Amino acid sequence: MATFIPVSPLYRLDRTLSCGQAFRWRWEDGTATGIFAGRPVKLKQERRGIRVEGLQEQARLTALQHYLAVDEPLEIIEDRLRRDRILRRILPHTTGIALMRQDPWECLVSFVISAFNNIPKIELTLERLCRRFGGFPSPGALAGARARDLRSCFLGYRAPYLSEVARRISAGEFILSEPADAPYKEARRLLLTLPGVGHKVADCVLLFAYGKGEAFPVDVWVKRAVERWYLGGRPATEKRIREVARARFGSLAGYAQQHLYYYIRKQGSAETRKRGKTERETTQ
DNA sequence: ACCCAGGTGAGGG
DNA sequence: CCCTCACCTGGG
């Protein structure tokens, strides 16, 4: 039995789930498959809204609705983004992205794993973790896990970071709800005290889980995008990139980041396909 | 056999 | 702050 979640007109489930915020949704022929509130769920965007399979209770549906951020005022947000002449050109290709409201713990774990890693392996590692612990591991489960068990999840050198983060949280040395109540700068400072959490990971968690819209995670792709489109192709430090973002986008920096990221990656993969094709043609 | 990948931490200006 | 370097490991 399926139910429907109504969505704001611009909302695009495909783009929201595949713009690098969450790693545990699989996309096949227009349907997203994943786990929500511990249950297998299928999502498909149709005319009436998002068709949900696998959830019955109203409370869980409401939570899913909140998680997917289907109520974000995207018309207003995108109107404001279009005041920027670069984003005005990009938005036709990226419209409909919403910033999700993920669980801070799960988001934190995901992005600690993401450091110096690639997306397929991040997904693989998260899958392994969930399989080994029978669902997404709690801080206590991860803190108590043996090194050997963590190693078998392909965590590599990140394993000790994750153990220590989990230990601090389960010991009450780090309170996950504190960044939520703090303003951006203070929340960021708190997250940066955790091992394996640098500027980029902190900003991802602040943006994707704590709703701090001014966060602007600078990864290699976003760095490349800002250098190419805002700094005349000249290389810049991370600090400079963040200054540009704050000055131009302010409290919408996070949304700007999502559109830049999504677009440059989409473009990048198109170029790779093209290059691959011509290489095949020339080597034949 | 190599090379790369959504950074971070340590060490030294 | 800025710079440099090493880094688990699966998949090209």
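Just so you know, these numbers come straight off a predicted model, no measurement behind them. Naming: A, B, ... by sequence-line order, numbering from 1 per chain.
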Taking only the P atom of each, what is the distance from C:dT4 to B:dG6 in whole angstrom?
22 Å
Integer angstrom distance from the P of B:dA10 to that of C:dC8:
13 Å
In terms of side-chain geometry, is the basic nitrogen of [X] or [Y] positioned less than 4.0 Å from the acidic oxygen of its partner?
{"X": "A:E227", "Y": "A:R224", "result": "no"}
{"X": "A:E214", "Y": "A:K212", "result": "no"}
{"X": "A:E72", "Y": "A:R101", "result": "yes"}
{"X": "A:R246", "Y": "A:E243", "result": "no"}

Specify the closest pair of heavy atoms between A:R158 and A:F116, including all atoms of both residues, with the distance to one decimal.
NH2-O, 2.9 Å
Figure out the CG/P separation between A:L155 and C:dC8, and round it to whole Å.
13 Å
To the nearest Å, give me how far apart NZ (A:K121) and C1' (C:dC7) are.
11 Å
Using the six-membered ring wherever Trp is involved, compare the ring planes of A:Y67 and A:F36 and label them parallel, tilted or perpendicular (cut-offs 30° and 60°).
tilted
Describe, in one word, how the ring planes of A:Y230 and A:F249 are oriented to each other, choosing from parallel (under 30°), tilted (30 to 60°) and perpendicular (over 60°).
perpendicular
Closest-nucleotide 5' rank along DNA chain C - winner of A:K239 and A:R158
A:K239
Comparing A:T237 with A:R151, nearest DNA chain C nucleotide closer to 5' gives the residue A:T237
Are there more than 12 heavy atoms of other residues, nucleotides or ligands under 6.0 Å from atom NZ of A:K42?
no
A:E28 side chain vs A:T33 backbone, donor-acceptor pair below 3.5 Å:
no
Per the under-4.0 Å heavy-atom filter, residues of residues 241-250 of chain A near DNA chain B come out as none
Can you tell me which stems DNA chain C forms, taking runs of 3 or more consecutive Watson-Crick or G-U pairs with both distances under 3.5 Å?
B:2-5 with C:9-12, B:7-13 with C:1-7
Classify every nucleotide of nucleotides 6-13 of chain B by which part a protein heavy atom approaches to under 4.0 Å, writing B for the base, S for the sugar-phosphate alone and - for neither, in 5'-to-3' order.
BBSS----
Would A:F111 and A:I122 show up in the same hydrophobic cluster when neighbours are defined by side-chain heavy atoms closer than 4.5 Å?
yes
Are A:F216 and A:Y261 close enough that their ring centres sit under 6.0 Å apart?
no
